[in-house]
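In what follows, a single structure is set out as C-alpha cells and then discussed.
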There are 2 protein chains.
Amino acid sequence: MRPDQPPVPSQEGTVRRTSAQQPPTLRDVAEAAGVHAATASRALNPKTRRLVSADTARRVMKAAKTLGYQPNPIARSLKTSKSSTVGVVVPDLTNPLFPPIVRGIENVLEVAGYSAWIVNTDNDRERERTRIDSLRSRHVEGLIIATARLDHPLLGSLHEQGVKMVLVNRRVEDLQIPFVTADDAGGIALAVRHLAGLGHTRIAHLAGPRNTSSGVVRARAFRHAIRDHELEDDPALIAECAYWNEADGADAMRGLLDRGTPFTAVVAGNDLIALGCYDVFAERGISCPEDISVVGFNDMPFLDKLRPPLTTVGVPHGDIGAEAARMLLDCIEGPERQSHSLLLPVSLVIRGSTARPSA
Amino acid sequence: MRPDQPPVPSQEGTVRRTSAQQPPTLRDVAEAAGVHAATASRALNPKTRRLVSADTARRVMKAAKTLGYQPNPIARSLKTSKSSTVGVVVPDLTNPLFPPIVRGIENVLEVAGYSAWIVNTDNDRERERTRIDSLRSRHVEGLIIATARLDHPLLGSLHEQGVKMVLVNRRVEDLQIPFVTADDAGGIALAVRHLAGLGHTRIAHLAGPRNTSSGVVRARAFRHAIRDHELEDDPALIAECAYWNEADGADAMRGLLDRGTPFTAVVAGNDLIALGCYDVFAERGISCPEDISVVGFNDMPFLDKLRPPLTTVGVPHGDIGAEAARMLLDCIEGPERQSHSLLLPVSLVIRGSTARPSA
DNA sequence: TTGTAGGCGTTATCAT
DNA sequence: ATGATAACGCCTACAA
C-alpha cells in the first residue's frame, strides 16, 4: 500500500485504481499480485526474471497485463541513468537526403527499444552546439551525426569526453570516430568511367565544400579518375561550392562557364548541385545532354521526372542509417571493442542527362 | 554534502566534482553557493525566483554557471510529470510533404523549451497504435497528428481520455479535435478556375482517399467548382486513389483513360498523384500539357524542374506545423479554453503543365 | 526568506 | 526466493 493512502486493506489496489484515472504503477501490479514491488520489478524484467519463482513471475505478469501496466521510462531512466534514447543530428530534414537515413536509423532503434531525438542544425555551428547540448541534457546515450566537417573541434571534444557517436555520410579528419558513408570514391569513378565511355574528354567537376570529407574525397577521386582515363586534367575544370545546395551549385556552374574553359560534361558533387546546373542551363539556353552532360550523386527521389532525368550515383541511404544505428547500439551496449567504420557500395543510375558529346 | 559522501568538510562540492566526471546536480550548485538545494532550486527557476533574496539568487546562478549546471530533465519530469515533450505522428518522413511541417513544429517547440518525438506509421493502423502507445509511455504532453482519417476510433478514444492533440492536414469527422489544414476547398477552386479560364470544359479529378478529410473536401470542392463554372459535370470524370501516392495516382489515371470518357485537364488530389499521371503519360505517349493539362496540390520541392514543370497549389507547410505547435502548447499550458481550428490560405503556382486545350 | 522532509516510479543492494 | 530500504535528481508543501 502506498504511504500516502489511508490504511485501508485495499486488495487489488482498488483504492488507487478507482479514485483516479492515473496509469498503474509497479506497486499497483505488485499489490494485485500479492507481492512486493521489488519482486514485481524482478518478475517483469526479462534479465532478472530468473531470480523469482516461476509461479510468482506468472502471477505478476498476469497482473501487469490485466492492469495494463506500462513501465514508466522516466522513473526507470532516473534510476538507471539510461534513457534508451539517441540523438540524431542533421543539417536540415527538408533536404531529401536525410529522411531515408533517419528512417533507417529508426527502424533499427525501434526493435532495440530505443527512440531517436532528431535535431536540425541548419549548418549553423552555434545552433549545432546548442542543439547537441540540449540532446545531452536529455541524457541521450549516443549521437548519430550527419553534419561532420573535416575539422570539427566540437566533435573532437565530445569524443574526448567519451560521448558515444557514429558519423553518417561524412567523417572527421584525424579522429578515430566510427563512420558509415557511401563509397564516394567508387561512385565518382563510376561516373567518370561512364562519361569517358560516352566519349567525353573535357569533364568538369563541381566539388562539394572542401570542409567536408565527402567534398574532398569526391574531388580527389575525380582527379584520379580523370588521370586513369587519360582525360583532360585541367584545374580550371574544377569549381567548388560553399554548400551542398542548388544555389551554390548554380553559382559554381556560372563561374565555370564564365571562365571560358570548354567542357562537355560535368560531375556534380551531389544531386542538388546538379539541379543548380539545370537552373543555369535554363538561364543561358544550354541544352542538356546535347550541349553538356550532367551526373549527380545520391539519387534523391523524383530525379527520374526531371527534365532531363538525371543520371546519378545511387546511394543506399536507408542502409547507411541502419548500419550507423547498429554500430551506435554496439558502442552503447557492447564493451570497449574497437569500433570499425563502414563504406557502403554505390551504383550508377543512368538516365537522360548524359549522352555522347555532340561536338 | 551528499549522504553517501564521507564526512569531509567539502566546500564547493570539490569531492564530487573531482572524483568523477559526472554532471553537477542541484546539490552541487547549492553547496557551491552555500545554500540548501531547495533554495537553489527556487533561485534557478524563474517562476519561483522572487521567493529568494536577490543576493542569494545571484550567488546561486553564478555557481550554476561556473559549474556548468544543467537541470536533469528526467528527474524534473519524474517530479512534475511533465516531460516538455510532444509526439509528432506522420505517415512517412520520406514523403516530402512532412519535413517542412516538422520543421515548423520544431521551430515553435524549441523556443518554448519543448522537443518533438517523431514517429512514422507507414499508414499502418497497428503500427500507428503501437507508436502512439510508445509516445504515451514516454509521457509526451501532447500529440500532433498528420495521419488522421475521417473515421478514426483511435483518435476518438485518445481524445476522450483527455490526450491533448492537434491534427495537421486532416481532420476527423464528428469530433471536436482542433486541426490546422490548408484551405483545401479554396485551392481546388483556384485550380478549376485556372483551367476553366484556359478554356477547358471537360476536367477530371483524381481524388485522394475518401477516408481522409482532404480527399473528401477536395473532391467536394471540385464538384462545386465544376458547377460554378458550368463545366461538364460527369461522374465518370472522377476517380479515387486508395493512397496519396504516385502508384495509386498512376492507376487512377489509367482507369480514367481506359474508361474512354474524354477530358483535356485533370486536377490531381496532390502532387504525388500528379506524378503518377506523368508516369502514365510517358507510358502511353500522351503529351502534357498539349494533350492533357495537370494541376497538383502542395507544391512539393523541385516540381519546377519536372518535365513539364507542374502547376500546383502552394501550401504553407511550415506555417501549418508552426500553428499546430502553437495550438498544442496553448492546450498544454493554457486552461480549458475552447480550442479553435485553423484554415491556412493557399495560392496557385502556375507552371508548364497547364495550357489551353489544343482540341 | 530559507530549510526540512517527503515523494515522483523504478531498480539495486542489502538482509531475511 | 522475496522483502525492506534507499537512492536516482528534482520540486514543493510546510515549517521555521
Side-chain angles (χ1 to χ4, degrees), chain A residues 1-5 13 16-17 20 22-60 64 67-84 136-139, chain B residues 1-5 13 16-17 20 22-31 33-60 64 67 69-84 136-139:
Chain A
M1 188 185 332
R2 310 199 142 203
D4 56 340
Q5 293 294 333
R16 183 162 193 277
R17 303 292 310 115
Q22 303 203 355
T25 79
L26 188 57
R27 300 161 84 124
D28 297 320
V29 174
E31 281 187 26
V35 299
H36 191 273
T39 307
S41 172
R42 288 187 275 252
L44 258 18
N45 185 332
K47 303 203 153 184
T48 49
R49 187 166 300 149
R50 50 176 204 79
L51 296 177
V52 308
S53 78
D55 180 58
T56 319
R58 222 177 305 115
R59 279 208 328 283
V60 171
L67 289 183
Y69 169 73
Q70 294 273 90
N72 181 330
I74 295 173
R76 177 178 285 168
S77 288
L78 183 59
K79 180 61 188 172
T80 62
S81 66
K82 299 194 184 303
S83 59
S84 292
R136 297 191 66 197
S137 82
R138 288 187 183 267
H139 285 202
Chain B
M1 189 186 331
R2 313 202 136 199
D4 56 341
Q5 293 294 332
R16 182 165 194 276
R17 304 289 311 119
Q22 304 203 353
T25 81
L26 189 55
R27 299 160 84 128
D28 297 320
V29 174
E31 280 186 27
V35 299
H36 192 273
T39 308
S41 171
R42 288 187 275 254
L44 257 19
N45 185 334
K47 302 202 155 184
T48 49
R49 186 166 303 149
R50 49 176 206 79
L51 295 178
V52 308
S53 78
D55 180 58
T56 318
R58 221 177 306 115
R59 277 207 332 281
V60 171
L67 289 184
Y69 170 72
Q70 294 273 90
N72 181 330
I74 295 172
R76 176 179 284 168
S77 288
L78 184 59
K79 179 64 188 173
T80 61
S81 66
K82 300 194 185 301
S83 60
S84 293
R136 296 192 66 199
S137 82
R138 287 187 183 265
H139 285 203

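Chain letters run A, B, ... following the sequence lines, proteins first and then strands; every chain starts at 1.
The listed nucleotides are dT4(C), dT10(C), dG3(D); the one nearest the side chain of His36(B) is dT4(C). Minimum atom distance to the side chain of Val35(A) is reached by dG3(D), of the listed dG3(D), dC10(D), dT2(C). Of all nucleotides listed (dT2(D), dT11(C), dT2(C)), dT2(D) comes nearest to the side chain of Val52(A).
Inter-axis angle, ends of the helix from dT1(C)-dA16(D) to dT16(C)-dA1(D), five pairs per end, rounded to 10 degrees: 50°.
Regarding Arg49(B), its CZ atom lies at a distance of 17 Å from the C1' atom of dT2(C), rounded to whole Å. Atom CZ in Arg42(A) sits about 13 Å away from atom C1' in dT10(C), given to the nearest Å. The nearest whole Å value for the distance from the CZ atom in Arg50(B) to the P atom in dT2(C) is 14 Å. In this structure, Leu26(A) places its CG atom 7 Å from P of dT11(C), rounding to the nearest Å. Rounded to whole Å, atom P of dG9(C) lies 14 Å from atom CG of Leu67(A). Note: CG (Leu51(B)) to P (dA13(D)) measures 11 Å, nearest angstrom. To the nearest angstrom, P of dC11(D) lies 9 Å from CG of Asn72(B). At whole-Å resolution of the value, CG in Asn45(A) and C1' in dT10(C) are 11 Å apart.
Considering only side-chain N and O atoms, Ser41(A) lies nowhere under 4.0 angstrom from the phosphate OP1 or OP2 of dA12(C). Using a 4.0 Å cut-off, some side-chain N or O of Thr39(B) falls inside it from OP1 or OP2 of dG3(C).
Using a 4.5 Å cut-off on side-chain heavy atoms (C-beta onward), Asn72(A) and His139(B) make contact. For the pair Lys82(B) and Ser77(B), the minimum side-chain heavy-atom distance is 4.5 Å or more.
From Ile74(A), atom CD1 reaches atom OG of Ser83(A) across 11.5 Å, with rounding to the nearest 0.5 Å. Atom CG of Leu26(B) and atom NE2 of His36(B) lie 9.5 Å apart (nearest 0.5 Å). Rounded to the nearest 0.5 angstrom, Leu78(A) CG and Arg76(B) CZ are separated by 13.0 Å. For the atom pair CG of Leu51(B) and OG1 of Thr56(B), the computed distance is 11.5 Å after rounding to the nearest 0.5 Å. Expressed to the nearest 0.5 Å, how far CZ of Arg59(B) lies from OG1 of Thr39(B) amounts to 9.5 Å.
Sorted by residue number, the members of residues 73-83 of chain B with any non-hydrogen atom under 4.0 Å from DNA chain C read Leu78(B), Lys79(B).
Of the options Asp55(A), Val52(A), Val29(A), a side-chain contact (heavy atoms from CB on, under 4.5 Å) to Val60(A) is made by Val29(A) and by none of the others.
Residue contacts shown for Thr48(B) are absent, as no nucleic acid heavy atom lies under 4.0 Å away.
Listed by chain and number, the residues in a salt bridge (Lys or Arg N to Asp or Glu O under 4.0 Å) with Arg138(B) amount to none (sequence neighbours excluded).
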